[in-house]
Undergrad: 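The structure that follows is given in the form of structure tokens.
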Amino acid sequence: MQLITIQKGVFCALRPSLWRLLSMRIAPAIEHREALSRLSFQTVVDVGANRGQFAVMARRLFPQAQIYSFEPLSEPAARFTEALGRDDRVRLFPCAIGPTSGPAKIYVTSKDDSSSLLKPGSAQREIFGEQTARMDEVAVRRLSDCLEAGAIRGPALLKVDVQGGELDVLEGSADLINQFDALYIECSFIHLYEGQPLFGDISRWTEAHGFRLGGVYNQYVDPQHGPVQADFLFLKTAPAGAGPR
């Protein structure tokens, strides 16, 4: 993790267009280039946007894409707006995505990108040293409450990085899931949060909804716990008789 931090700093330092973001301590999530650079998207739905790290990288990879980002915490959302608010092809929604719409409590951790609607468990503290700093109330919406199907122009990507809430996001996006050509989801192999779904649960859901595993990236292995989490790319299965995508 320390290495990727250095790599991000060098990446920004060599690109003057990113210096303003670097001064704000926002670096593009370059660790996702291997998974996504061979693909092309007209729409990116970025659930769990934090300060805009993924959106910045998506803008560089897919310069013509419309990006819809979702971040329920007010502090990182404000940083996102400061960084990307002038880009008319990026829109931020200040909410989480879930199966039902309404208010919810979120556990805000010492490093806010580990915050979750689920309570952090002992493994999260042991591996990453995260402690719950406070609890806030945030808004949760179904994806279709925020976007109409027509707004999601294909090819489209749904990216999910929500610290244990992956299945809730998928359930909250189920009525629009056919609009997406690829899903890119951070999944865990062990319980970092209480009651969180693991990779097997996510894989079964995606397969049942017409997606197949297309790649595994950025696996993190802890010396004591073994494999902890990774990013998984799921691609829409072509209909029978269709040619390659």
Side-chain angles (χ1 to χ4, degrees), residues 29 32 35-36 39-74 76-81 83-104 106 113 115-117 137-187 197 202 205-206 208-211 231-237 245:
H32 303 305
L36 302 176
L39 304 173
S40 178
F41 299 106
Q42 290 297 312
T43 305
V44 175
V45 174
D46 166 26
V47 181
N50 197 245
R51 292 167 169 78
Q53 300 95 317
F54 185 87
V56 171
M57 192 69 249
R59 167 56 67 244
R60 296 189 69 87
L61 288 177
F62 317 117
Q64 301 305 314
Q66 175 68 51
I67 300 172
Y68 299 108
S69 294
F70 295 81
E71 173 53 51
L73 290 178
S74 59
R79 293 281 297 279
F80 183 110
T81 299
L84 292 164
R86 291 178 287 184
D87 189 332
D88 60 6
R89 299 187 71 82
V90 177
R91 180 178 176 185
L92 177 67
F93 294 82
C95 64
I97 297 297
T100 58
S101 296
I106 190 169
D113 60 1
S115 302
S116 177
L117 295 174
E137 184 173 282
V138 297
V140 180
R141 300 284 183 266
R142 288 186 63 82
L143 185 61
S144 57
D145 290 339
C146 304
L147 297 176
E148 296 181 353
I152 305 173
R153 296 178 55 231
L157 169 70
L158 172 62
K159 166 263 184 183
V160 182
D161 184 355
V162 291
Q163 311 303 313
E166 298 82 21
L167 203 54
D168 281 346
V169 171
L170 292 173
E171 293 289 356
S173 307
D175 46 355
L176 292 176
I177 204 68
N178 288 335
Q179 301 296 120
F180 294 97
D181 300 87
L183 313 175
Y184 188 58
I185 308 173
E186 183 186 69
C187 303
I202 305 304
W205 193 98
T206 57
H209 288 78
F211 292 83
D231 297 315
F232 294 86
L233 178 66
F234 300 94
L235 302 174
K236 183 180 288 185
T237 303
R245 296 190 62 82

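Start at 1 with the first residue, then count along the sequence.
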Undergrad: Looking at C146 and C95, what are the two nearest heavy atoms and their distance?
TA: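 For C146 versus C95, the nearest heavy atoms are SG-SG, 4.1 Å.
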
Undergrad: Specify the closest pair of heavy atoms between F70 and L143, including all atoms of both residues, with the distance to one decimal.
TA: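 Smallest interatomic distance, heavy atoms only, reads CZ-CD1, 3.6 Å.
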
Undergrad: Under the rule for side chain to side chain contact (heavy atoms under 4.5 Å, CB included), what residues qualify as partners of R60, not counting sequence neighbours?
TA: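 Counting only residues at least two positions away or on another chain, R60 forms a side chain to side chain contact (heavy atoms under 4.5 Å, CB included) with F11, R15, S17, L18, M57.
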
Undergrad: Counting only heavy atoms not in R153, do more than 12 sit closer than 6.0 Å to its CZ atom?
TA: no

Undergrad: Can you tell me how far OG1 of T206 sits from CG of L167, rounded to the nearest 0.5 angstrom?
TA: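 If I round to the nearest 0.5 Å, the distance is 10.0 Å.
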
Undergrad: Measuring from T43:OG1 to I152:CD1, what's the distance to the nearest 0.5 Å?
TA: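 Output value for this atom pair is 7.0 Å.
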
Undergrad: Heavy atoms, side chains only, cut-off 4.5 Å: are P76 and D113 in contact?
TA: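 A side-chain contact is absent here, since even the closest heavy-atom pair is not under 4.5 Å.
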
Undergrad: Work out which heavy atom in A156 is nearest to a heavy atom in Q179; give both atom names and the distance.
TA: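 So the two residues come closest at CB-O, 3.6 Å.
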
Undergrad: Counting C-beta onward and ignoring hydrogens, is there a side-chain heavy-atom pair between D161 and F54 closer than 4.5 Å?
TA: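 A side-chain contact is absent here, since even the closest heavy-atom pair is not under 4.5 Å.
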
Undergrad: Would you check if L39 and L233 make a side-chain contact, meaning some heavy-atom pair closer than 4.5 Å?
TA: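 When only atoms from C-beta onward are counted, L233 and L39 do touch, with a gap below 4.5 Å.
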
Undergrad: For H32 and Y184, run side chain to side chain contact (heavy atoms under 4.5 Å, CB included): C-alpha distance rounded to whole Å, both residues' side-chain angles, the deciding distance at 0.1 Å, then the answer.
TA: CA-CA 10 Å; H32 303 305; Y184 188 58; 2.7 Å; yes

Undergrad: Closest heavy-atom contact between S115 and I106?
TA: CB-CD1, 4.4 Å

Undergrad: Working to the nearest 0.5 Å, report the span between CG of D46 and CD of Q53.
TA: 9.0 Å

Undergrad: Please give me the minimum heavy-atom distance between A139 and P72, naming the atom from each residue.
TA: O-CB, 4.5 Å

Undergrad: Would you call the rings of F41 and F62 parallel, tilted or perpendicular if under 30° counts as parallel and over 60° as perpendicular?
TA: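 Perpendicular, since the angle between the ring planes exceeds 60°.
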
Undergrad: Under 3.5 Å, side chain of E166 to main-chain N/O of G164, donor-acceptor pair present?
TA: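 Indeed, once roles are kept as given, a pair shorter than 3.5 Å links the two residues.
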
Undergrad: Any side-chain heavy atom of V162 sitting closer than 4.5 Å to one from V47?
TA: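 In contact.
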
Undergrad: Quick one, I202 and F232 - any side-chain contact, counting heavy atoms below 4.5 Å?
TA: no

Undergrad: Mind checking salt bridge (charged side-chain N to carboxylate O under 4.0 Å, His left out) for D175 and listing every partner two or more places apart, or none if nothing turns up?
TA: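 Result, salt bridge (charged side-chain N to carboxylate O under 4.0 Å, His left out) vs D175: R142.
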
Undergrad: Taking C-beta and beyond as the side chain, do L117 and D168 meet within less than 4.5 Å on heavy atoms?
TA: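 Result no, sub-4.5 Å side-chain heavy-atom pair not found.
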
Undergrad: Closer than 3.5 angstrom, by distance alone: can the side chain of K159 be matched with the main-chain N or O of G48 as a donor-acceptor pair?
TA: yes

Undergrad: Using a 3.5 Å distance criterion without hydrogens, assess whether the side chain of E186 forms a donor-acceptor pair with backbone atoms of D231.
TA: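 Absent.
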
Undergrad: Quick one: CZ on R91 to CG on L147, what's the gap to the nearest 0.5 Å?
TA: 7.0 Å

Undergrad: Does any N or O in the side chain of K236 come within less than 3.5 Å of the main-chain N or O of F180, such that one atom is a donor and the other an acceptor?
TA: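 Answer holds: yes.
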
Undergrad: Answer whether the closest heavy-atom distance between the side chains of E71 and P94 falls below 4.5 Å.
TA: no

Undergrad: I'd like to check T100 versus V140 (side-chain heavy atoms, cut-off strictly below 4.5 Å). Are they in contact?
TA: no

Undergrad: Sequence neighbours excluded, which residues qualify as side chain to side chain contact (heavy atoms under 4.5 Å, CB included) partners of S116?
TA: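 So S116 forms a side chain to side chain contact (heavy atoms under 4.5 Å, CB included) with L118, Q163, Y193.
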
Undergrad: Using every non-hydrogen atom in the two residues, find where L170 and W205 come nearest and quote the distance to one decimal.
TA: O-CZ2, 3.4 Å

Undergrad: In Å and rounded to the nearest 0.5 Å, what is the OH to CG distance from Y68 to L158?
TA: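 The OH atom of Y68 sits 13.5 Å away from the CG atom of L158.
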
Undergrad: Look at the side chain of R59 and the backbone N and O of A65, then say whether any donor-acceptor pair between them is shorter than 3.5 Å.
TA: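 Yes, the answer is positive, given that a donor and an acceptor are paired below the 3.5 Å cut-off.
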
Undergrad: To the nearest 0.5 Å, how far apart are CZ in F234 and CG in L157?
TA: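 Answer rounded to 0.5 Å: 12.5 Å.
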
